[in-house]
Amino acid sequence: MRSDALKKKAPIRSLLHATGVSPEELHKPFIGLASSFTDLVPGHVDMRSLERAIEKGIHAGGGVSFTFGLPAICDGIAMGHNGMHYSLPSRELIADAVETMAEAHQLDGLVLLTACDKITPGMLMAAARLNIPAIVVTAGPMLTGCYKMTRLDLVHDTFEADAAYKQGKISKAELDNLALNACPGAGACSGMFTANTMACSAEALGMSLPYCGTALAVSSKKKMIAYESGKRAVELVGKNLTPRKIMTLKAFRNAIRLDMALGGSTNAVLHLTAIAHEAGIELPVELFDRIGKATPHIASIRPGGNHFMEDLEHAGGVPGALHVLSRFLLNNPTVSGLTIKQIAAAGEVFDKEVIRPLTHPYHKQGSLAVLKGNLAPEGSVVKQTAVSAKMMKHTGPAKVFDSEDAAQRAILAGKVKPGDVVVIRYEGPKGGPGMREMLYPTSAIAGMGMAESVALITDGRFSGGTRGPCIGHVSPEAAEGGPIAAVEDGDIIEIDIPNRKLHLKLSDNEIDVRLAQWKEPKPKFTKGWLARYQRMVTSASTGAVLK
């Protein structure tokens, strides 16, 4: 075992005994429990009970557990101010922290307890990088909110409601009641937003036990899965079943397939690409588009639909969806000991409206589309299943803003009109820095009733809760001198999602002339780790990983 390097040395044994490790336990595998518990984040507040369940499982399996903590950011709380600069970069911090603890203490295996948007991919990146036996436990979705017998979620009923209130469409009392009831307790927000997209992806990758991705945060089922994951971590050490044996190209293709079928977040492109990078696998953005075109959209969950994560859980969870998709799947091992095909074969669907058959999908194609053109030579991403038929093609004049904040002020002031194409730039991985999520402007557009008349494009990114014709990850970004830096107010932009086109109606020569006059902006941060991040981060088209 890796930990034998510690146990052979008397001084280290003495220090381990000081922590309470007995002489008998020195002969057992050392399993690190990487926990992202915090009181600050709804998806993570209930993790103490899951830590206990995992610890019990590790000890029942014959291992010794060692818990250590990791940072966790709630994008909803961090959004709309300087805090959002830290969200995507925290993914790299988390991966580095797990690597640091596992290598410094020569742990034999890991249980990665996670929930929200950047924490899950950060932990999966660490697992791929370290390549020691590891298993992921996602803490589970939040229950659906309820007010006046209407089911609620965070995005539609607070972010979009906030814009509706500012337009005088609802009262302050109504807004306050929605805020009070939209998030009823622990768990990752109740739609197929980024946290739940990545939880389902972890299961499809084979890194979580079956049903982990949708088992609710407050359920006894989740605690049972946590316990079994602890036991299984010890078995993985005994079998030397390491992450790179599981997270193969086949596994990533399966995860992309599931995301497309379930209506997953655009952020899945960033995160799966980054995880694959750590596993030594290249995932070009074109692969997402090819798989999306060939994958029916079989589950319509918020923000694009009216179902919620608890509906998906009760309808059959990820195994139920995999069962429907079984003919598309590439067989691959998983941490459970079963292959993905075996899990799919055992899966059942209990509600064929929540998880539809291939013969009756919500859309013929999957959730995400990759658009290219002279405005995005390296690609851009849109959640096409959350776009109305009316806006699948749109041509309009650009309204250009050099920050999310400027765009938000203009939208709320009524300066954006039906037909416009809002362009928000200098919000990419380097320019942001940190590629801030833009749920405030997209929700404002939707809440003001313009989701079917106004498009938005950005070199930044969106929340998994964004709906409407919102195109993100435009690459190269403005801060790197990409074509989006050349756009001026009034320029005509053509969006054609069915034909995967994002085009600025200017000649190549005019774009080149404008870019020749472009000057690289001064860094927004000159101290702290974000200053280092903006120097080292790569394009969104390569997962925004660090050089």
Side-chain angles (χ1 to χ4, degrees), residues 34 70 87-100 102-103 110 112 114 117-132 134 136 194 197-199 201-202 204-208 242-260 264-292 330 332 368 370 378-381 428-430 432-435 459-461 472-477 480 529 532-547:
L70 296 167
S87 177
L88 181 61
S90 74
R91 185 187 72 180
E92 318 306 312
L93 266 187
I94 290 159
D96 291 350
V98 174
E99 175 195 354
T100 299
E103 292 286 34
L110 292 167
L112 304 169
T114 173
D117 298 21
K118 312 307 169 299
I119 300 94
T120 299
M123 290 198 183
L124 284 164
M125 288 168 68
R129 184 188 302 172
L130 288 162
N131 202 32
I132 64 174
V136 172
T194 305
T197 296
M198 294 313 301
S201 296
L205 280 170
M207 290 299 294
S208 292
T242 55
R244 291 193 189 184
K245 294 175 183 176
I246 295 167
M247 288 194 283
T248 65
L249 178 57
K250 290 180 179 179
F252 282 101
R253 291 178 70 97
N254 290 337
I256 295 170
R257 183 84 63 185
L258 181 75
D259 286 343
M260 295 293 179
S265 165
T266 53
N267 287 310
V269 179
L270 276 178
H271 297 324
L272 288 174
T273 302
I275 298 162
H277 172 77
E278 295 290 354
I281 295 169
E282 185 177 349
L283 287 188
V285 290
E286 294 82 4
L287 178 62
F288 289 83
D289 199 58
R290 287 200 301 272
I291 293 175
L330 303 170
N332 207 64
L368 305 182
V370 175
E378 294 176 5
S380 61
V381 182
K430 178 180 179 180
M435 220 177 175
D459 54 8
R461 63 191 178 91
H473 308 190
V474 171
S475 299
E477 62 174 296
E480 294 279 8
W529 77 280
R532 298 194 300 274
Y533 178 87
Q534 64 191 356
R535 291 197 302 269
M536 299 169 66
V537 69
T538 63
S539 169
S541 64
T542 56
V545 296
L546 299 185
K547 296 175 185 176

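Only heavy atoms go into these numbers, but all of them, side chains included; no hydrogens, no water, no symmetry mates.
- For the side chain to side chain donor-acceptor pair (under 3.5 Å) condition, the pairs that include at least one residue of residues 276-285, sequence neighbours left out, are R129-E278.
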Just do the side-chain contact (heavy atoms from CB on, under 4.5 Å) check on E286 and V370 with the steps written out, would you?
CA-CA 7 Å; E286 294 82 4; V370 175; 6.0 Å; no
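- Distance check: K430 NZ to E480 CD gives 4.0 Å after rounding to the nearest 0.5 Å.
- For T542, the side-chain contact (heavy atoms from CB on, under 4.5 Å) partners at least two apart in sequence or on another chain are T538, S539.
- Qualifying side-chain hydrogen bond (donor to acceptor under 3.5 Å, both in side chains) partners for D259, counting only residues two or more places apart in sequence or in other chains: S201.
- How far CG of L546 is from CD of E92: 4.5 Å, rounded to the nearest 0.5 Å.
- Between L368 and G264, the shortest heavy-atom contact is CD2-O, 3.5 Å.
- Listed here is the closest heavy atom pair of A204 and A255: CB-CA, 3.8 Å.
- Between the side chain of S380 and the backbone N or O of V474 there is no donor-acceptor pair closer than 3.5 Å.
- Counting heavy atoms from C-beta outward, R91 and H271 have side chains that approach closer than 4.5 Å.
- Residues S90 and W529 share a closest heavy-atom pair of N-CH2, 3.8 Å.
- Interatomic distance, I256 CD1 to L272 CG, rounded to the nearest 0.5 Å: 6.0 Å.
- In this view, R244 and N131 satisfy the side-chain contact (heavy atoms from CB on, under 4.5 Å) rule, not counting sequence neighbours.
- Between A127 and M207, the shortest heavy-atom contact is CB-CE, 4.3 Å.
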Show your working on side-chain contact (heavy atoms from CB on, under 4.5 Å) between R461 and T266 and close with a plain yes or no.
CA-CA 8 Å; R461 63 191 178 91; T266 53; 5.8 Å; no
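- Contact between A128 and M247 at its shortest, heavy atoms only, is CB-CE, 3.8 Å.
- Remark: side-chain polar atoms of N267 are not paired, donor with acceptor, to backbone N or O of T194 under 3.5 angstrom.
- Expressed to the nearest 0.5 Å, how far OG1 of T114 lies from CD1 of I119 amounts to 5.5 Å.
- Here CG of L258 is found 11.5 Å from CD1 of I291. Values are rounded to the nearest 0.5 Å.
- Side-chain contact check for V136 versus L205: every heavy-atom pair is 4.5 Å or farther apart.
- The two residues N332 and A251 come nearest to each other via the heavy atoms ND2-CB, 3.4 Å.
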Verdict with supporting geometry, M198 and D117, side-chain contact (heavy atoms from CB on, under 4.5 Å)
CA-CA 7 Å; M198 294 313 301; D117 298 21; over 6 Å; no
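- For the side-chain contact (heavy atoms from CB on, under 4.5 Å) test, residues two or more places apart in sequence or in another chain that qualify with T273 are V269, L283, F288.
- If you take NZ on K118 and CG on L88, they are separated by 6.5 Å, rounding to the nearest 0.5 Å.
- Summarising the local packing, NZ of K250 is surrounded by 12 or fewer heavy atoms from other residues, nucleotides or ligands at distances under 6.0 Å.
- With sequence neighbours left out, the side-chain contact (heavy atoms from CB on, under 4.5 Å) criterion links A540 to L270, P429, M435, H473, S475.
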side-chain contact (heavy atoms from CB on, under 4.5 Å) for R253 and L287? Distances and angles first, verdict last.
CA-CA 8 Å; R253 291 178 70 97; L287 178 62; 3.2 Å; yes
